[in-house]
Amino acid sequence: MPVQDWQSDAEATIDAHLRAVAGRDLDTFAATVHPDVTVIIPSGRILRGAAEVVDFHREWFTDGDWTYAVEPVLATTTAATATRVLAVTVVGEPGAEPSRFLMGLTFVAESGRWLLIHDQCTIGRPA
């Protein structure tokens, strides 16, 4: 897969990744994922490697009429890593109760590209 212009910029890659999820764009999503990625979904299930993560998202992207929105909480970027903490709201179908959680993303710079290496979702619990 050829490198896209946005892949050499951390912020552009993160934006493309988040737009790909909201827009159910599997090709762009896959282009942002590191081969050795780890994803921990809100249920606590651990997904390992790009193939498993992309397959999970392929199924999710075709499942129902959900919506996905994020709000930035924290951001840090260095020469080699970019981390983001986002407040995420997913609505499973129109009129359904929203699911809210925090998502931490870590992207690494590798061979002129930024790729997602870790994604962890955490559901908040009442105090």
Identify whether I46 and F101 are in the same connected component of the hydrophobic contact network (ILVMFWY, side-chain heavy atoms under 4.5 Å).
no
Under the ring pair (Phe, Tyr, Trp, His ring centres under 6.0 Å) rule, collect the residues that match up with H57, sequence neighbours excluded.
F29, W60, F61
In the structure I gave you, are the side-chain heavy atoms of R84 and E11 within less than 4.5 Å of one another anywhere?
yes
Check side chain to side chain donor-acceptor pair (under 3.5 Å) between T78 and all other residues, then give those that pass, not counting sequence neighbours.
T81
Considering non-hydrogen atoms only, spot the tightest contact between T77 and A10 and give its length.
CG2-CB, 4.2 Å
Could you tell me whether the side chain of T89 reaches within less than 4.5 Å of the side chain of S99, counting heavy atoms only?
no
Rounded to the nearest 0.5 Å, how far apart are OG1 of T122 and CD1 of I40?
8.0 Å
If you take all heavy atoms of A87 and L102, which pair is closest and at what distance?
CA-CD2, 4.0 Å
Closest non-hydrogen atoms of A82 and I14, given as atom of the first, atom of the second and distance, are CB-CD1, 3.9 Å
Closest approach of Y68 and M103, non-hydrogen atoms and distance?
OH-CE, 3.1 Å
Going by heavy atoms in the side chains, are T32 and W114 under 4.5 Å from each other?
no
Smallest separation among heavy atoms of V37 and V53, with atom names
CG1-CG2, 3.6 Å
Report yes if the side chains of C121 and I41 come closer than 4.5 Å at any heavy-atom pair, otherwise no.
no
Side-chain donor/acceptor of R48 to backbone N/O of V39, under 3.5 Å
no
Sub-4.5 Å side-chain heavy-atom contact between Q120 and V85
no
Atom pair CG/NE2 of L115 and H17 - distance to nearest 0.5 Å
11.0 Å
Do H34 and V108 have side-chain heavy atoms sitting under 4.5 Å apart?
yes
Could you walk me through whether R58 and D55 pass side-chain contact (heavy atoms from CB on, under 4.5 Å), step by step?
CA-CA 5 Å; R58 176 181 292 111; D55 284 347; 2.5 Å; yes
Is there a continuous path of hydrophobic side-chain contacts, each under 4.5 Å between heavy atoms, that joins I123 to V70?
yes
Working to the nearest 0.5 Å, report the span between CG of L74 and OG1 of T83.
8.0 Å
For the CG atom of D36 and the CD1 atom of I117, what is their distance to the nearest 0.5 Å?
5.5 Å
Please round to the nearest 0.5 Å and tell me the distance separating atom OG1 of T106 and atom CG of L116.
7.5 Å
State, to 0.1 Å, how close L86 and P72 come at their nearest heavy-atom pair, and which atoms those are.
CD2-CA, 3.7 Å
Any Lys/Arg nitrogen of E71 or R100 sitting under 4.0 Å from an Asp/Glu carboxylate oxygen of the other?
no
The reported gap from CG in L18 to CG in L105 (rounded to nearest 0.5 angstrom) is 6.0 Å
